[in-house]
Amino acid sequence: MTYLIYDTTIEGFLTAVFEVYELKLDKVAIRKNNLEMPQLFAEIIEVRTNFDKAKRVSEKLTSILNKNGFQSLLKTLLSELESIEDDILKVIRYALECKKNILSDFGHPAVLEIKQVLKKINRERHRMNAFVRFKLANDGTYYAFIEPDFDVLPLISNHFKSRYADQNWLIYDLKRNRGIYYNQEKVEFVILEVNAKEQNQKLTINLDPSEIEFQKLWKSYFKSTNISSRKNMKLHLQHVPKRYWKYLIEKS
Amino acid sequence: MNWDRINEKLSILADAAKYDVSCSSSGSKRTNKGKNLGDSSGVGICHSYTEDGRCVSLLKILLTNYCIYDCLYCVSRKSNDIKRAAFKVEEVVDLTLNFYRRNYIEGLFLSSGIFKNPDYTMERLVLVAKKLRLDYKFNGYIHLKTIPGASDELMYEAGLYADRLSVNIELPTKSGLKLLAPDKDHKTMLAPMNTIQQGIQIYKEEKKLIKSSPKFTPAGQSSQMIIGATNESDLDIVKTSTFLYKKYNLKRVYYSGYVPVLSDNKLPTLGTPVPMVRENRLYQTDWLFRFYKFKPQEIVNEFYPNLDLEIDPKLSWALRNMDYFPVDINTADYHMILRIPGVGVRSAQKIIAARKHAYLSYEQLKKIGIALNRAKYFIICKNYYFTKDFDHNRLKSEILHFSTSKYKKNFSNQLSLF
Ligand code: SF4
């Protein structure tokens, strides 16, 4: 078994795919370099990310799977599943073999797996579009903390950019310790100096004096709009699973 | 700002508005051109869910719960002894913007009790929408509930700023309206629907000629009726909603199960359970008309004026029409396949696609993901034939026995209360 280790970037992954074909590797697995390698007797190759190689792979696959198909295949990397690369590679091999767009061939187990992972990622993206709660800091920036199941920041960036075009905002993923910041010009990835996750309690952002009042208003609204004689907690929890409550003002 | 006072108003006016069930924020595209606030892609987002499991997408409030009318079914009616409050136009604008900026909501759903007179009230509703759009360049969603009896000009102006307008028909029958809402009459209630529909029509024509014509109610109009407050039959309800869909081309008709909030001998007594199962059956019926090409009289008619609460209306229709079944999966046309209980639009499409490649068997149907636990009583396919050796009553109890309805719990709850 050969392990190709890449730097977690998309280009790194595509370079690894290139090497699979270049080196004619058969028993191979592609893995992120931030994972531990348990296997003792495996051969390990560190892939040096190469933009040309990545581009060649991406052009080839785009021509077979078309742009959307190829993008959605890559999107599954955001799932951070330990061996998602295996499924992607299987799908790529299958596509190259058939030389046609096989992404709707759900009879193929890897294609089906990819489709299911995609569905989960999209659901998480929708949830983040819905559950982000901004707080207004006294410097005029709106900020929000999230801990999504998958690394969905790249997927939600555009939505927030076009919706909140006239305010500065920051959405910070505490699980992965990085965020997206918008300054009314463009969106950038940022890493906060403090390790926010560990210092969550200490991380103080000075709120605008009105912030706490609007939070109170939102909480009262949420309470008043409920019809208690129709209570249905099972349905409620299905829509808003408990793990999201922490950052939902109306639920905390 | 006097926060406590605002908070109190918000509690009162959200509480009074919550019986309007519509919370849809979809169907309208407003692109953020330039650096403004808000962008609607046409797909609404539910930002939260109440404990009753309903989507919270809009800030749904009344401008005021003062009212000169005395509709019996309504908490805000004149003769009801409750706390009253009224928002200023600016306050509503401010709340909407601040909630929107924090990503709590998709926009505003504003309605109102009638103070002074219908025009005076409607004018203020329109003013809120106008300010949001023109002064604050707000691209979020705005739904205004129109005030019955307000002038055509105001209705038209409302359409310029709102994404959706609703005109609530309130009760399914004229006699019900007369009984419970003596100040309102059927005709004045319908008039605005006509105005709005014409407005939409004109806009569509203009749009063909001039691309940049101002939008007019892009998400269309909807209506709502309260069910279970009078003793109307499901046939009455279906007749009314069919009429509304046809005549005014409504986007949606909502049904709101009556929540007993007042005691009056013309109304169901306090403590009567909210007819949630019935409400759900009515929505299912609505779907059958809109997406399954059923005709209203197939589902309810003089012989079957009420929907079966135990089973969904499609199954109920099938059991009453067993001579249409079994349906041959491999040869029947799309519409007949759609009529098989347990087969939805997606499944029907899958069947049509799959049978081009193979003569479908029971196993294959399973493989392509068709739920057969219900459909199996109604189909023929390769090597499979359902022997119809019992009558529809036995079939019904067998199906009920094997299916766990989501509403079973509610259902038995309700029964035990009677
Ligand atoms: S007019 Fe509207 S607010 Fe006033 S009592 Fe009737 S339903 Fe209620």
Side-chain angles (χ1 to χ4, degrees), chain A residues 104 106-107 126-136 142-144 158-167 169 171 184-185 208-240 244-245 248-251, chain B residues 1 3-4 6-8 10-19 23 31-32 34-41 43 45-57 59-61 95 98-105 137 139-140 257 259-261 271 273-274 276 367-369 406 409-410:
Chain A
S104 55
F106 303 126
H126 279 297
R127 281 192 170 140
M128 285 307 121
N129 284 345
F131 294 161
V132 157
R133 294 286 180 269
F134 284 123
K135 297 176 180 174
L136 178 59
Y142 288 80
Y143 74 93
N158 273 340
H159 169 80
F160 283 97
K161 186 180 161 199
S162 48
R163 178 164 288 208
Y164 302 109
D166 71 341
Q167 67 194 47
W169 52 256
I171 301 173
Q184 303 189 39
E185 289 291 329
D208 183 270
S210 70
E211 175 55 35
I212 227 66
E213 304 295 341
F214 279 112
Q215 289 185 21
K216 272 196 224 154
L217 290 175
W218 176 241
K219 280 186 186 172
S220 327
Y221 174 70
F222 186 73
K223 222 170 93 200
S224 310
T225 200
N226 180 46
I227 301 179
S228 50
S229 52
R230 297 182 64 123
K231 188 163 174 164
N232 184 345
M233 279 312 269
K234 206 177 139 209
L235 193 60
H236 175 68
L237 287 171
Q238 201 177 311
H239 287 307
V240 197
Y244 298 97
W245 287 18
L248 288 176
I249 285 149
E250 66 273 22
K251 296 301 299 180
Chain B
M1 210 188 291
W3 296 104
D4 289 340
I6 295 277
N7 205 320
E8 192 188 359
L10 182 60
S11 305
I12 295 173
L13 296 170
D15 186 87
K18 69 187 175 192
Y19 301 101
C23 198
T31 322
N32 193 342
K35 298 256 183 259
N36 298 317
L37 175 63
D39 185 82
S40 314
S41 63
V43 197
I45 298 175
C46 291
H47 286 274
S48 197
Y49 290 85
T50 51
E51 291 193 348
D52 54 37
R54 289 176 312 147
C55 161
V56 179
S57 166
L59 170 62
K60 192 194 297 184
I61 47 174
L95 271 178
N98 274 290
F99 279 9
Y100 191 86
R101 284 196 184 285
R102 287 167 174 75
N103 205 41
Y104 298 167
I105 52 169
K137 306 275 184 291
N139 279 311
V259 182
V261 279
V274 184
M276 279 157 77
K367 235 190 198 155
I368 59 173
K406 315 184 247 190
K409 208 177 117 255
N410 276 326

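Here the structure is a predicted model, which means the values were calculated and not measured. As a basis for the values below, the full set of heavy atoms in this structure was taken, side chains included, without hydrogen atoms, waters or symmetry mates.
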Do the rings of B:Phe99 and A:Trp218 sit parallel, tilted or perpendicular, given the 30° and 60° boundaries? perpendicular
Residue part contacting chain A, namely of B:Ile12, when any heavy atom lies under 4.5 Å: neither
Given heavy-atom pairs under 4.5 angstrom as the criterion, report whether the side chain, backbone, both or neither of A:Phe160 touches chain B. side chain
Test: B:Arg101 and A:Asp166 ion pair at under 4.0 Å: yes
Go through the steps to decide whether A:Ile227 and B:Thr50 satisfy the test side chain to side chain contact (heavy atoms under 4.5 Å, CB included), and finish with yes or no. CA-CA 8 Å; A:Ile227 301 179; B:Thr50 51; over 6 Å; no
Which bit of B:Tyr104 is near chain A, if near means a heavy-atom gap under 4.5 Å: side chain, backbone, both or neither? both
Under a 4.5 Å heavy-atom cut-off, does chain A meet the side chain of B:Ile45, its backbone, both or neither? side chain
Output the distance between atom NE2 (A:His239) and atom CD (B:Glu51), rounded to the nearest 0.5 Å. 13.5 Å
Given a strict heavy-atom distance threshold of 4.5 Å, which part of B:Leu13 is in contact with chain A: side chain, backbone, both, or neither? neither
Do the side chain of B:Asn103 and the main chain of A:Val132 share a donor and acceptor less than 3.5 angstrom apart? yes
Report the distance from atom CG of A:Asn129 to atom NE2 of B:His47, rounding to the nearest 0.5 Å. 8.5 Å
Please classify the contact between A:Tyr142 and chain B as side chain, backbone, both or neither, with a heavy-atom cut-off of under 4.5 Å. side chain
Go through A:Thr225, A:Leu217, A:Leu248, A:Leu235 and name the one with the most non-hydrogen pairs under 4.5 angstrom from chain B. A:Leu217
Atom pair CG/NZ of B:Leu10 and A:Lys216 - distance to nearest 0.5 Å: 13.0 Å
Taking side chain as everything from C-beta outward and backbone as N, CA, C, O, which of these in A:Glu211 sits under 4.5 Å from a heavy atom of chain B? Side chain, backbone, both or neither. both
Segment of B:Asn36 engaging chain A (4.5 angstrom heavy-atom cut-off): backbone
Considering all heavy atoms of both residues, which atom of A:Ser224 and which atom of B:Ala14 are nearest to each other, and what is their separation? CB-CB, 3.9 Å
Would A:Gln167 and B:Leu37 count as a side chain to side chain contact (heavy atoms under 4.5 Å, CB included) here? Give the steps. CA-CA 8 Å; A:Gln167 67 194 47; B:Leu37 175 63; 4.1 Å; yes
So which heavy atom on A:Arg163 is nearest to which on B:Ile105, and how close? NH1-O, 4.2 Å
Could you look at A:Lys251 and say if it's the side chain, the backbone, both or neither that has a heavy atom under 4.5 Å from chain B? side chain
Compare every heavy atom of B:Ser48 with every heavy atom of A:Arg133, then report the nearest pair and how far apart it is. NH2-CB, 3.9 Å
Under 4.5 Å to a heavy atom of chain B? For A:Leu237 that would be neither
Looking at B:Asp15, B:Asn98, B:Asn139, which makes the most heavy-atom pairs under 4.5 Å with chain A? B:Asn98
Which heavy-atom pair separates B:Val56 from A:Tyr221 by the least distance, and what is that distance? CG1-CE2, 4.2 Å
Hey, could you give me the CZ/CH2 distance between A:Phe214 and B:Trp3, rounded to the nearest 0.5 Å? 3.5 Å
Specify the closest pair of heavy atoms between A:Ser220 and B:Asn7, including all atoms of both residues, with the distance to one decimal. OG-OD1, 2.5 Å
Using only atom types and a distance under 3.5 Å, with no angle test, would you say the side chain of B:Lys35 pairs donor to acceptor with the backbone of A:Ala165? no
Search all heavy atoms of A:Ser210 against all heavy atoms of B:Arg102 and return the closest pair with its distance. OG-NH2, 4.1 Å
